[in-house]
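Beneath this line is the structure, given in structure tokens, with notes to follow.
Just follow the structure's listing: the first ligand is 1, and inside any ligand the first atom is 1. From a predicted model like this one, the values you see are computed outputs, not experimental measurements.
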Amino acid sequence: MDEPIKIIHFSDTHFTKRPQFIKGSYSKSVRTINSIPHDFAVFSGDLTQDGLGEEYRLANELRKQIITPKIYWIIGNHDSRSGGFEVWETMVGPREFHDFDEDNSILFIGLDSCIPDRDEGRFGREELDYTRKILKKYGEAKIKLVGFHHHLLPIPKTGRERSNAVDAGDMLSILLDHNVDAVFTGHKHHPNVYKVEDTIIISAGSVSSYKTRSGEPRSLNYVEIVPEKEINVKIIKTSGDTIASETKTITRRFRMVDSAGGVWIRIAQIAGTDLELLDNTQNQLFTKGMELVEATNPDLIIHCGNLTAKGKSTDYEGAIDSLSPLTDKLIFCPGPNDLKGYGDTLVNKYFDTEKNIEKNNSSFYILNTSEPDTEIGVVGRTTQNRLERYVHHTRQETSDKFHTIIMHHHLIPIPGTREISALEDAGDVLRLLTDTGINLVLSGHLGRAFCTRVEQTAFVNCNTISSQKTSSIENSFNLIDISTEKAIVVSEINVPSGFRRILGIFPGI
Ligand SMILES: [Fe+2]
Ligand SMILES: [Fe+2]
């Protein structure tokens with residue numbers, strides 16, 4: 001077996017002479033780092049509290065205490081405050097860099113995801129192009145690692161989903177396309193590890209900021225990477241005790257899906273019909289789209305929201321009329337447009353949006369994340385508790401079934417869109433659904449088809465089928481085939497041309 005690469009990953013020191021920096025905790029972290037043999041270290045941002053000159057000077061004193069063969073320093077949003085991003089370049093190093101270790105064939109890319117004086121992040125075209133270019137150039141590297149400050153996926157236990165990178169979806173697709181092995185992030189002060197397809201996304205807690213969740217210890221990560229085999233992440237308290245350890249296996253093998261079994265259930269996933277009585281273009285596209293849906297002969301048609309454009313009673317009546325031949329196959333989860341005006345009341349007249357559906361040994365749970373008059377989604381604590389009881393029950397009682405959650409808002413950032421109307425409590429909901437091994441999560445926000453798998457759960461977002469509010473060139477819907485071995489094949493079907501392309505293939509687990 002190859003010798004593992006050993007990495008210390010720590011973050012968010014928040015150096016300052018003010019009480020926000022907990023010096024005792026930093027000293028303990030330094031002792032821990034210095035006592036663990038490692039090949040290199042990664043610091044993932046927020047070195048200083050406010051990017052001030054005196055804080056950078058303090059940082060340069062305190063950084064010297066760390067004994068390490070090599071360390072990569074990544075800038076955080078706090079370091080970019082007060083013009084600090086310029087100070088970073090003179091006192092710490094470049095904000096964007098890459099390093100290729102020829103002996104071990106390890107590539108490390110460090111990125112600046114920060115907008116000066118703002119807490120939310122943005123990679124922007126330059127960082128996205130740079131990442132793509134370097135990953136292409138060193139495509140043959142045995143281990144490909146990328147670090148930046150902002151979190152890529154929602155983090156649990158950190159309150160409202162905010163201050164994320166607005167173009168996280170674009171970055172995610174680049175990392176997945178180039179088979180990056182691991183991604184190192186900070187920012188939320190809470191340690192977390194996710195496996196997205198074959199890429200491990202590692203977030204570090206804070207080592208010395210006053211800002212941690214009540215009762216939660218400050219921590220750092222110890223990461224061991226065995227090339228093309230596994231990645232082991234240990235979360236270590238600053239006192240040196242291990243809090244948690246997670247091993248993720250990397251499987252870079254393409255496996256054919258279920259050659260013997262065949263399709264178990266076929267789902268046509270649609271969204272954004274946005275029906276409005278007088279809109280002819282939309283109505284024509286809707287008619288064409290639904291003809292294509294019928295032609296695929298699905299077992300179920302799942303509508304992930306925005307059936308109507310404005311939630312008006314005439315639009316609801318027209319929509320119900322058009323969909324009446326397909327009613328027995330239709331499952332509907334409302335989007336924000338459906339709840340506009342009086343729509344919040346009307347939706348319950350036509351649909352039962354709280355029922356659980358069973359079909360072909362599969363269960364479907366509708367999770368309404370939409371609110372009237374806002375694009376931002378929310379599950380809310382009461383519904384979250386209900387969802388928690390449901391998923392725990394389904395996992396224990398019916399583990400042989402295929403479990404699907406249907407919602408409007410997405411949980412995983414979508415490439416080509418901006419994270420400006422995310423689900424508020426995405427961090428906790430994502431953790432719950434992946435921890436309980438839900439098989440499939442369907443969403444229909446932002447008008448762009450995308451799918452990926454986090455841990456064992458596949459996430460599929462669909463474009464609008466007829467609404468002109470789309471982030472794609474043309475309208476489309478998704479066709480999802482689930483095999484008897486729980487493998488999932490996702491295709492996108494273009495409405496004007498009827499052309500079908502494969503979006504993702506996820507082997508059965
Ligand atoms: Fe921070
Ligand atoms: Fe931060």
| said: Taking CD in Gln468 as the centre, count heavy atoms belonging to other residues, nucleotides or ligands within less than 6.0 Å. Is the count above 12? | reply: yes
| message | Which residue is it: Leu47, Val30, Thr13? I am looking for the one with a side-chain contact (heavy atoms from CB on, under 4.5 Å) to Arg63. | response | Leu47
| Restricting to N, O or S atoms of His14, which is nearest to the Fe ion (ligand 1)? | NE2
| Verdict with reasoning, His98 to Tyr138, per ring pair (Phe, Tyr, Trp, His ring centres under 6.0 Å) | CA-CA 10 Å; His98 65 274; Tyr138 296 98; 5.8 Å; yes
| field | Carboxylate-amine/guanidinium contact Arg122 Glu127, below 4.0 Å | value | no
| message | Applying the salt bridge (Lys or Arg N to Asp or Glu O under 4.0 Å) criterion to Asp170, which one of Arg448, Arg418, Arg125 satisfies it? | response | Arg418
| field | Protein N/O/S atoms closer than 2.8 Å to the Fe ion (ligand 2) | value | Asp46 OD2, Asn77 OD1, His149 NE2, His187 ND1
| query | Relative to each other, are the rings of Phe97 and Phe108 parallel, tilted or perpendicular (30° and 60° limits)? | reply | parallel
